[in-house]
Amino acid sequence: MNIDPSMLAASPVLGLGGAAGGSPAMPAGGVQAGYGLSFTDLGHFEQALSTSQARLEARPVQAPSEALQAMARPLEYVNNEAASLAEFANRAVEAGSAMTPGEMVMLSVRCQEFMFHCQLTSNVANRASDGLQQLFRQQS
């Protein structure tokens with residue numbers, strides 16, 4: 001991707017302003033990138049980031065706690081239910097024959113049940129989130 005210097009000069013994002021002649025005003029410390037940030041600052045940040053990543057040591061991954069596993073169970077259930085519905089629908093398509101009215105009703109009922117479980121899980125998660133927010137507000 002080629003960048004036209006005249007577009008760069010008049011860019012409000014980079015904060016270069018662009019003079020009437022099309023040449024940007026260059027500060028002494030480097031090209032300013034809005035809000036007082038210069039490209040040299042970005043270079044220093046990238047260098048500091050790479051040196052900090054070099055110092056990081058590998059740590060073994062811990063197994064999820066019991067509480068985290070309990071929180072994930074409803075999501076796993078919904079995921080398994082979706083996979084089961086997809087498998088049922090794929091089998092019906094691969095059979096090549098039209099679904100019987102009973103199979104269509106059964107698929108509709110299973111879809112409605114799946115949507116109910118999704119809404120229930122979402123509602124529980126939202127209520128838990130609201131409760132935690134209220135708890136943090138009371139403690140602060």
Side-chain angles (χ1 to χ4, degrees):
M1 180 175 155
N2 294 331
I3 298 175
D4 182 19
S6 64
M7 288 176 19
L8 197 62
S11 172
V13 174
L14 293 176
L16 298 175
S23 64
M26 298 292 248
V31 177
Q32 293 296 318
Y35 299 108
L37 182 70
S38 69
F39 287 127
T40 53
D41 292 336
L42 293 175
H44 292 300
F45 175 75
E46 184 178 3
Q47 182 182 9
L49 185 62
S50 64
T51 56
S52 68
Q53 287 176 344
R55 288 184 282 168
L56 291 177
E57 298 176 14
R59 296 180 185 167
V61 178
Q62 298 176 355
S65 67
E66 231 6 83
L68 187 59
Q69 289 177 354
M71 286 173 45
R73 278 190 202 112
L75 298 174
E76 289 174 6
Y77 179 78
V78 167
N79 191 33
N80 291 337
E81 198 172 13
S84 171
L85 273 173
E87 182 182 329
F88 182 78
N90 285 334
R91 276 185 297 187
V93 168
E94 289 172 358
S97 60
M99 292 177 69
T100 65
E103 289 173 333
M104 291 179 72
V105 168
M106 189 55 144
L107 182 60
S108 296
V109 167
R110 289 184 64 194
C111 287
Q112 291 296 323
E113 182 183 14
F114 171 69
M115 287 306 300
F116 172 75
H117 289 147
C118 289
Q119 289 175 344
L120 183 64
T121 302
S122 173
N123 192 8
V124 168
N126 286 334
R127 299 285 180 194
S129 174
D130 291 344
L132 285 173
Q133 287 178 3
Q134 183 178 4
L135 178 68
F136 286 133
R137 269 184 262 143
Q138 288 174 353
Q139 289 182 352
S140 61

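Computed from a prediction, not measured in an experiment: that's the story for all the values here. All residue numbers refer to positions in the sequence shown, counting from 1. Atom set for the values below is all heavy atoms of this structure, side chains included, hydrogens, waters and symmetry mates excluded.
In this structure Arg91 satisfies the side-chain hydrogen bond (donor to acceptor under 3.5 Å, both in side chains) test with no other residue, sequence neighbours excluded. Glu66 pairs by the salt bridge (Lys or Arg N to Asp or Glu O under 4.0 Å) definition with Arg73, not counting sequence neighbours.
Atom CD in Glu103 sits 11.5 Å away from atom OG in Ser108 (nearest 0.5 Å).
A donor-acceptor pair is defined here as one N or O able to donate and one able to accept, closer than 3.5 Å; such a pair exists between the side chain of Asn80 and the backbone of Glu76. Under a 3.5 Å cut-off, the side chain of Asn123 and the backbone N or O of Gln119 do not form any donor-acceptor pair. Although no hydrogens or angles enter the test, the distance criterion places a donor-acceptor pair under 3.5 Å between the side chain of Thr121 and the main chain of His117.
Applying the under-4.5 Å side-chain rule to Ile, Leu, Val, Met, Phe, Trp and Tyr, the cluster around Val78 extends to Leu85, Phe88, Met99, Met104, Leu107, Phe114, Met115. Through direct or indirect side-chain contacts shorter than 4.5 Å among Ile, Leu, Val, Met, Phe, Trp and Tyr, Tyr77 is connected to no other residue. Hydrophobic clustering, defined by side-chain heavy atoms of Ile, Leu, Val, Met, Phe, Trp and Tyr closer than 4.5 Å, leaves Val61 isolated from every other such residue.
Residue pairs meeting the side-chain hydrogen bond (donor to acceptor under 3.5 Å, both in side chains) criterion with at least one member in residues 131-140: none, sequence neighbours excluded.
No side-chain heavy atom of Val124 sits under 4.5 Å from any side-chain heavy atom of Arg127. Side-chain contact between Ser129 and Leu132 is absent, with no heavy atoms from C-beta onward closer than 4.5 Å.
Annotation for Ser84 and Arg110: closest pair OG-NH2, 2.5 Å, computed over non-hydrogen atoms.
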